[in-house]
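Throughout, protein chains are lettered first and strands after them, A, B, ... in sequence-line order, and every chain is numbered starting at 1. Every value quoted in this text rests on a predicted model; they were computed, and no experiment measured them.
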Protein chains: 2
Amino acid sequence: MADRSTQTRPAGRKDARRNYERLLTAARTAFAEHGVGASLNDIARTAGVGNVTLYRHFPTRQALLEALLGESLRGLHTRSDELLASPSPHQALTTWLTAAVEHAMAYRGLVDALVDSLGDPASELHATCQAVKTAGAQLLARAQRAGTIRPDLDASALFSLIASVAWAAERTPAHRDQLLAVMLDGLHLRVDEPDQTGWASGV
Amino acid sequence: MADRSTQTRPAGRKDARRNYERLLTAARTAFAEHGVGASLNDIARTAGVGNVTLYRHFPTRQALLEALLGESLRGLHTRSDELLASPSPHQALTTWLTAAVEHAMAYRGLVDALVDSLGDPASELHATCQAVKTAGAQLLARAQRAGTIRPDLDASALFSLIASVAWAAERTPAHRDQLLAVMLDGLHLRVDEPDQTGWASGV
DNA sequence: ACCTGAACACCGTTCAAGT
DNA sequence: ACCTGAACACCGTTCAAGT
């Protein structure tokens, strides 16, 4: 639980450390250009490093993603803690959901990797994704207690919702805001305002 | 527009016709088992056919999907025509959307192919996907005229919504109904009932 | 301790021939 | 006309050695 932000950066030999950094920057540009499915051999090549060196530092593609995005994704946890102190539970949740969707769109194809990771405890991204999930869970629970969000919904369903919107928005960016709006509206309870007529309170 | 259901089944040599059918059944089981990303060489192999034979009959993976699913997907168009005659525009749309999501989940990874096809006029699935889209457009427009569906939404955004739900539901089947419910609720206009109190009708 | 080049088993696609 | 086996350029992964 403590010091989640310190990932295993190699402290050993100087060239190892240098190769590590080179691989990260090469991966960053490759993912940005070709999506998370970019060729790993290509990344090693442009980093000026043997491909086995890449595999030693990052045994899987997800390890590479963790190194690149872990910090940013864990930032959603911090953000959630902050928002828990904000006055409107509902607004806090919607703000956070918008940010979460944004984070999940960092690279083309990233959402697939995130969803896979959540379901695979062996993945290097697993812990990070679960941190995101529990971050959302807190805001979700608070909003549900406040009565503005449909009660039949748990944290993992919320994660699926985030992923589904991020996936579609990545494919058709023009629809991003509408997709988000529909999701947020769908989460919103119908009877969200205090009843102003007294009409419905009888039964 | 006429006779969309007749696809190019080869009428030539007997062995060609036989190979065509063998490839289809091999593809069907391969896609069912490994998703739409299944190895094409593998499909040719289990069909007992040279791989080039596969490529001649089906130049792309999407051509194969069209041959397998085209009829079923075009069925959504027929379904839409039927539902246009049903009494409740809103119920008609939700029924159709549920069916559309179901269709898009026929194989693992299918939604990606469908969305790609819609954006690529050269794809063999393009016409089919557009037929699905226009089928949804009719029901959407009717429900919007009836005032139960948010008016700021066009057919392509609706297609994105279907795809996003199908994508997530395929990954986490347990959430399928909730994802659908959130989407349908998000489409639903808040003030959908005739105002029963007179409170809101002043302005 | 950390690195590299070469090999391995795949993939989709295309070739030069066969009947 | 329609087919096939073999080649091609890739992929991720693993090997046997190097310093």
Cut-off 3.5 Å, side chains only: do B:T60 and B:E124 have a donor facing an acceptor?
-> yes
Taking D:dC2, C:dT4, D:dG12 as options, the one with an atom nearest any side-chain atom of A:S39 is D:dG12
Polar contact flag, side-chain donor to acceptor under 3.5 angstrom, A:E82-A:S86 = no
Determine, for nucleotides 13-19 of chain C in 5'-to-3' order, which nucleotides have protein heavy atoms under 4.0 Å from the base (write B), from only the sugar-phosphate (write S), or from neither (write -).
-> BBB----
Distance between the C1' atoms of C:dC8 and D:dC11, in whole angstroms?
-> 12 Å
A:T53 vs C:dT4: side-chain N/O to OP1/OP2 distance below 4.0 Å | yes
Given the rule in the side chain to side chain contact (heavy atoms under 4.5 Å, CB included) test, do B:S160 and A:R171 qualify, once you have shown the distances and angles that lead to the verdict?
-> CA-CA 9 Å; B:S160 282; A:R171 297 306 198 94; over 6 Å; no
Validation row: A:L161, B:Q178 side chains within 4.5 angstrom (heavy atoms) = no
Would you kindly give the NE2-to-C1' distance between A:H34 and D:dC10, to the nearest whole Å?
-> 14 Å
Evaluate side-chain hydrogen bond (donor to acceptor under 3.5 Å, both in side chains) for A:H175 paired with B:S156, printing each intermediate quantity in order.
-> CA-CA 9 Å; A:H175 296 143; B:S156 76; 3.0 Å; yes
In the structure shown, which nucleotide is the Watson-Crick or G-U wobble counterpart of D:dA1, with both distances under 3.5 Å?
-> C:dT19
What is the nucleic acid contact for A:A44, judged by heavy atoms within less than 4.0 Å: base, sugar-phosphate only, or nothing?
-> nothing
Nearest-Å distance, CZ (B:F58) to C1' (C:dG12)?
-> 17 Å
Give a yes/no answer on whether the side chain of B:H57 brings an N or O atom under 4.0 Å of OP1 or OP2 in D:dC3.
-> yes
Could you state the atom-to-atom distance from CG of B:L54 to P of C:dG12 in whole Å?
-> 9 Å
Is it the case that B:E21 and B:T25 place a side-chain donor and acceptor less than 3.5 Å from each other?
-> no
Return the nucleotide paired to D:dT13: Watson-Crick means purine N1 to pyrimidine N3 with N6-O4 or O6-N4, wobble means G-U with N1-O2 and O6-N3, both under 3.5 Å.
-> C:dA7
All heavy atoms of A:P151 vs all of A:L189, minimum pair found to be CD-CD2, 4.2 Å
Integer-rounded Å distance: C:dG12 P and B:R56 CZ | 17 Å
Specify the separation, in whole Å, of atom CZ of B:R45 and atom C1' of D:dC3.
-> 17 Å
Nearest-Å distance for atom pair CG/P, residues A:L23 and D:dG12 = 14 Å
